[in-house]
Amino acid sequence: MYDVGASPDVSLLGSAIGEFVYEMTSASLLTLDFVVISHVDEDHVNRLPALISALKRANISVGTLVLPWLGGASKLLGLMRLRDKDTTAIAAQLLQSDSAVTQFAASLGFRDVTFVKASSGTIDDSPAPDPIPDGTGANHVPVPARVVDSGTDVAPAHAPWEMLVAQLAVPAAILDGLAAEITKATGLDVENEADRRKLVDTSKTRAQLREILEVLGRTHDLARPGVTLTNWSSISLHSTSTNPYARHTVPEASALSFSVNCEHAWLHTGDLPLHLDDVWQEFESEWDRIGVAHEVCTVTAPHHGSQHGHNINLYTRFVTSAVVFTFGLTVGTQRGVPKWSKLLDPKPVMRHLRLHGALKLRLLNNRP
């Protein structure tokens, strides 16, 4: 499972979770081996507890939670994206500290956690948070955690699927500049968990942070810096079968899902501002470094109907035969009469895809 979020209307994901659990039970699958979180934004993580609850009711266990390893400055950027200071938000819990992540994973029943890092680093040494209660008065012992380099195959050797994860990150120079400016303006240290909480706790400090982000954005010539800086850190997943005779069952398409069965890999990119040259070049060079073959079956990229994040090179670089295309619709859309949200009209991009040889286009919209 790659990303489990549906903010702001969390009810929209309920039917998809039910369908997924039904497909697993129909195939007699007893374990969901991996849940991969591309990045810790609320609209990508807030239905994780609902998914796990539905799996537990079906007696399906969960294995490894995979998510990006983030330093203090990146954690702070994630906290700044939250619409309010609600510390009960799933994203807020996952951004407190690495030890908070391992306790949260334990509370949901995961076996372990894998952090993927874009550069050298270890699990942070910020103060451990209070244990996360499970409603019974008991506290959870953190599950084991490991930190792996970008490009690592996170699947065990005997698994029929190779799962390569690539972590892109905000350049270190920008993060170092952010940390230095914050310390200069506030006297607080972004690597300290308690200080990060103070920085997002009041309107005054949040306003100071926004001003610092704006200055950094102008300095590094980044569009929409508050968004771009955060979404630059994201895990992409390249998954392909290494044993064609041991493939997982591919469910039939239904009203809520579809299936594509082919001999090549799937690629999921997470949210990335690929329209920015620096981000695209880093994304492409990372996959070149890992040595991934260019031919893939399907590319899935959240929000890639948006002109803010679209890059036709994503599809031409990976020579796709199928594309899962997501897009936004405005309120008032009727079945068969789409009204595209501003800057989210997918038609121009779809024309590009057809010209570049995509054989199948699957449209996923944001409204029933």
Side-chain angles (χ1 to χ4, degrees), residues 37 39-42 44-46 65 67-107 113 115-133 139-140 142 145 147 167-220 222 225-234:
I37 300 300
H39 62 292
V40 188
D41 275 355
E42 193 67 3
H44 290 253
V45 301
N46 65 3
L65 178 64
L67 70 169
W69 181 86
L70 301 173
S74 293
K75 286 184 173 73
L76 183 62
L77 286 171
L79 289 170
M80 277 292 291
R81 274 187 64 81
L82 294 178
R83 295 182 182 276
D84 52 43
K85 296 176 289 184
D86 181 6
T87 57
T88 63
I90 303 302
Q93 296 180 53
L94 293 174
L95 289 166
Q96 293 304 320
S97 68
D98 296 329
S99 54
V101 172
T102 58
Q103 291 187 57
F104 178 78
S107 72
V113 171
F115 292 101
V116 183
K117 61 182 175 64
S119 58
S120 60
T122 57
I123 292 181
D124 67 43
D125 57 0
S126 57
D130 294 332
I132 299 172
N139 293 323
H140 294 281
V147 183
Q167 157 71 322
L168 274 71
V170 178
I174 296 179
L175 294 178
D176 291 344
L178 174 62
E181 287 299 320
I182 288 173
T183 299
K184 179 181 177 180
T186 67
L188 299 173
D189 180 6
V190 299
E191 295 302 328
N192 182 280
E193 181 184 354
D195 281 1
R196 290 197 297 270
R197 291 179 179 177
K198 291 177 183 177
L199 285 165
V200 298
D201 192 43
T202 67
S203 299
K204 179 181 178 180
T205 51
R206 291 173 77 92
Q208 286 179 295
L209 288 175
R210 284 192 293 271
E211 183 176 347
I212 291 171
L213 288 175
E214 290 292 334
V215 172
L216 276 173
R218 291 194 296 270
T219 301
H220 294 276
L222 297 176
V227 174
T228 301
L229 285 177
T230 300
N231 278 351
W232 201 325
S233 294
S234 182

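Along the sequence shown, the residues carry numbers beginning at 1. Here the structure is a predicted model, which means the values were calculated and not measured.
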Peer 1: Locate the shortest heavy-atom distance separating W69 from Q167; write the atom from each residue and the value.
Peer 2: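 Smallest interatomic distance, heavy atoms only, reads O-NE2, 3.7 Å.
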
Peer 1: Where the side chain of E42 meets the backbone of A91, is there a donor-acceptor pair that is under 3.5 Å apart?
Peer 2: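 Yes, the answer is positive, given that a donor and an acceptor are paired below the 3.5 Å cut-off.
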
Peer 1: Test side chain to side chain donor-acceptor pair (under 3.5 Å) on Q96 and R197; report intermediate values, then the result.
Peer 2: CA-CA 8 Å; Q96 293 304 320; R197 291 179 179 177; 2.8 Å; yes

Peer 1: Between R210 and E214, is the closest basic N to carboxylate O distance under 4.0 Å?
Peer 2: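 The answer is no: the pair does not qualify as a salt bridge.
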
Peer 1: Write down the atom of P142, the atom of Q103, and the distance for their closest heavy-atom approach.
Peer 2: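 Shortest heavy-atom contact: CG-CG, 3.5 Å.
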
Peer 1: Show every donor-acceptor pair shorter than 3.5 Å between a side-chain atom in residues 178-189 and any protein atom, with sequence neighbours excluded, or say none if there are none.
Peer 2:
residue	atom	partner	partner atom	Å
T183	OG1	A179	O	3.1
T183	OG1	L188	O	3.0
T186	OG1	I182	O	2.7
T186	OG1	L188	N	3.2
D189	OD1	E191	N	3.0

Peer 1: Distance from E193 atom CD to S99 atom OG, nearest 0.5 Å?
Peer 2: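 Between atom CD of E193 and atom OG of S99 there are 6.5 Å.
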
Peer 1: Is any side-chain heavy atom of L199 closer than 4.5 Å to a side-chain heavy atom of L76?
Peer 2: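 Heavy-atom side-chain distance check passes, below 4.5 Å.
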
Peer 1: State whether the side chain of S233 and the backbone N or O of A169 hold a donor-acceptor pair below 3.5 Å, judged by distance alone.
Peer 2: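 Not confirmed, S233 side chain does not pair with A169 backbone.
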
Peer 1: Testing the basics here: between L82 and R206, what is the closest heavy-atom pair and its distance to 0.1 Å?
Peer 2: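 Answer, listing the atom of L82 first, then R206: O-NH2, 3.2 Å.
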
Peer 1: Any side-chain heavy atom of L95 within less than 4.5 Å of one from V101?
Peer 2: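 No, every pair of side-chain atoms sits at 4.5 Å or beyond.
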
Peer 1: Roughly how far apart are S97 OG and L70 CG, rounded to 0.5 Å?
Peer 2: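 These two atoms lie 12.0 Å from each other.
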
Peer 1: Kindly compute the distance separating NE2 (H39) from CG (L77), expressed to the nearest 0.5 Å.
Peer 2: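 The CG atom of L77 is 12.5 Å from NE2 of H39, to the nearest 0.5 Å.
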
Peer 1: Within the side chain of N192, is there an N or O that forms a donor-acceptor pair under 3.5 Å with the backbone of D195?
Peer 2: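 At least one qualifying donor-acceptor pair exists.
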
Peer 1: So which atom in T205 and which in T202 form the shortest heavy-atom distance, rounded to 0.1 Å?
Peer 2: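 Scanning both residues completely, I find the closest heavy atoms to be OG1-OG1, 2.8 Å.
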
Peer 1: Of all heavy-atom pairs between I37 and V45, which one has the smallest distance, and what is that distance?
Peer 2: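 Here I37 and V45 meet closest at CG2-CG1, 3.4 Å.
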
Peer 1: Is D98 salt-bridged to K75, going by a charged N under 4.0 Å from an acidic O?
Peer 2: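 Between K75 and D98 there is a salt bridge, with a charged N closer than 4.0 Å to a carboxylate O.
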
Peer 1: Could you give the distance from CG (L65) to CZ (F115), rounded to the nearest 0.5 Å?
Peer 2: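 If we round to the nearest 0.5 Å, L65:CG and F115:CZ are 8.0 Å apart.
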
